[in-house]
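Both counts, for ligands and for their atoms, begin at 1 and track the order of listing.
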Amino acid sequence: MTKLIDGKIVAKEILDNLADEVLFLNKKPCLAVIIVGNDSASKIYVNLKKKKALELGFNSIVIELPEKTLEKDLIDKIEELNSDKNVNAILVQMPLPKHINPLKIIETISPQKDVDCFHPYNVGNISIGKKSYVYPCTPKGIIRLLEYYDIKIEGKHAVVIGRSNIVGRPLSQMLINENATVTLCHSKTKNLSEITKTADILISAVGKPNLVTENMVKDGVVIIDVGMNRLENGKLCGDVDFENVKDKASYITPVPGGVGPMTICSLMVNTYDLFKYQNSL
Ligand code: GUN
């Protein structure tokens, strides 16, 4: 029997518990988000983050900067937030306008306030298996989902498709830290389906509808679909051909309602964890 992995239920449970804990604090955790330019999808994401932070009883700062903002001025703004004791977590919404180097921006954010876990210091800690005070949001959400459904990771063959800095690469490191055997596949991988057929846990984070089909997976596989694709008819779908793959899977995430709600949930947990770390709680 295939089980659906319900990210909405898991995220709600985590956030309800978090809201209860926040009630007992004498200071509020504060998340600051910077958005540069007019990208409409980014504006929607930033508003969602603000709404969720306020619902939890956090303070929320949103700084909107014009498209033409100079790299130097953005760096100055981040440095101001780095030294502001009332700000616990800083997020610079990506993508940035082309004239701004995202790596330089990420390196400017204090590692202790790096709520995305994009800073090389934090990425490096995870890659050497050191405990970190913050983990990348989507990979952290995926691991939480597996734990919630009691899906063992240790000793399993986890196949990750997609090598992005936001999902594929950090997730692979985190699965290694959980003692999985990990294969990371990408656009230049040969014989993709030969590899995916050996997966106990298959995670696709590419952004391509129907990339993973029924003949690419073995019976009993656990499927985690990170894809978020908008079809011409306006519907959202993942990377996995859900209808045909689901009967072979032991567990599968839907899109929407699987990994998506866990990403914003992890962002809030990270904000709280940074707050606790900074206040030695
Ligand atoms: N743009 C799309 N996803 C993300 C994310 O996780 N963090 C940031 N900072 N920008 C994004």
Side-chain angles (χ1 to χ4, degrees), residues 7 11 30-53 58 60-65 67 69 71 74-75 77-78 81-82 87-98 100-123 126 132 134-145 160 162-174 203-207 224-230 236 238-239 255-256 258-274:
C30 175
L31 170 65
V33 177
I34 304 181
I35 174 168
V36 186
N38 301 308
D39 184 82
S40 52
S42 291
K43 282 188 174 175
I44 293 170
Y45 292 136
V46 168
N47 280 333
L48 270 178
K49 288 166 189 172
K50 177 181 175 179
K51 185 165 165 264
K52 197 53 89 182
F58 291 179
S60 162
I61 298 173
V62 174
I63 298 165
E64 295 182 57
L65 298 176
E67 181 82 24
T69 301
E71 186 176 85
L74 177 56
I75 287 173
K77 195 76 215 162
I78 294 167
L81 295 172
N82 280 344
V87 171
N88 306 108
I90 303 169
L91 181 148
V92 178
Q93 187 66 29
M94 303 289 168
L96 287 165
K98 293 223 166 12
I100 299 178
N101 177 350
L103 286 179
K104 221 163 145 185
I105 297 308
I106 287 165
E107 285 182 356
T108 305
I109 299 171
S110 159
Q112 283 79 27
K113 295 192 177 185
D114 169 32
V115 73
D116 272 316
C117 194
F118 287 171
H119 192 285
Y121 176 85
N122 291 325
V123 173
I126 290 168
S132 176
V134 74
Y135 292 89
C137 295
T138 302
K140 175 175 173 150
I142 291 169
I143 305 268
R144 291 288 288 262
L145 279 180
V160 178
R163 55 179 153 176
S164 69
N165 288 342
I166 296 187
V167 184
R169 286 177 204 249
L171 176 61
S172 300
Q173 299 290 352
M174 286 167 71
I203 299 145
S204 186
V206 174
I224 306 289
D225 192 349
V226 189
M228 190 67 92
N229 310 297
R230 181 77 62 188
L236 268 185
D239 292 348
V255 177
V259 175
M262 294 303 291
T263 298
I264 190 149
C265 168
S266 300
L267 181 70
M268 299 302 138
V269 175
N270 276 352
T271 300
Y272 183 55
D273 286 346
L274 291 175

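Taking every heavy atom of both residues into account, T69 and L74 meet most closely at CG2-N, 4.1 Å. The two atoms that bring K113 and N82 nearest to each other are NZ-O, 3.0 Å, heavy atoms only.
The protein heavy-atom contact nearest to atom 11 (C) of ligand 1 is Q93 NE2, 3.5 Å. For atom 3 (N) of ligand 1, the closest non-hydrogen atom on the protein side is I166 CD1, 4.3 Å.
Of the options V115, D39, D116, the smallest heavy-atom separation from atom 5 (C) of ligand 1 is shown by D116.
Here is the list of ligand 1 atoms found below 4.0 Å of a heavy atom in L91: 9 (N). Atoms of ligand 1 found under 4.0 Å from any heavy atom of V92 (numbered from 1 in listed order, with element): 8 (C), 9 (N).
Put simply, the side chain of Y272 does not reach to within 4.5 Å of the side chain of N88, judged on heavy atoms. Residues I106 and M94 are in side-chain contact: their nearest non-hydrogen atoms beyond the backbone lie under 4.5 Å apart. Using a 4.5 Å heavy-atom threshold, the side chains of S110 and I90 count as separate.
When heavy-atom distances to ligand 1 are checked against a 4.0 Å cut-off, T138 has no atom that comes that close, whether in backbone or side chain. In Y45, neither the side chain nor the backbone holds a heavy atom less than 4.0 Å from any atom of ligand 1.
Note: an N/O pair closer than 3.5 Å links M94 and ligand 1 by distance alone.
No more than 12 heavy atoms of other residues, nucleotides or ligands sit less than 6.0 Å from atom CD of E64.
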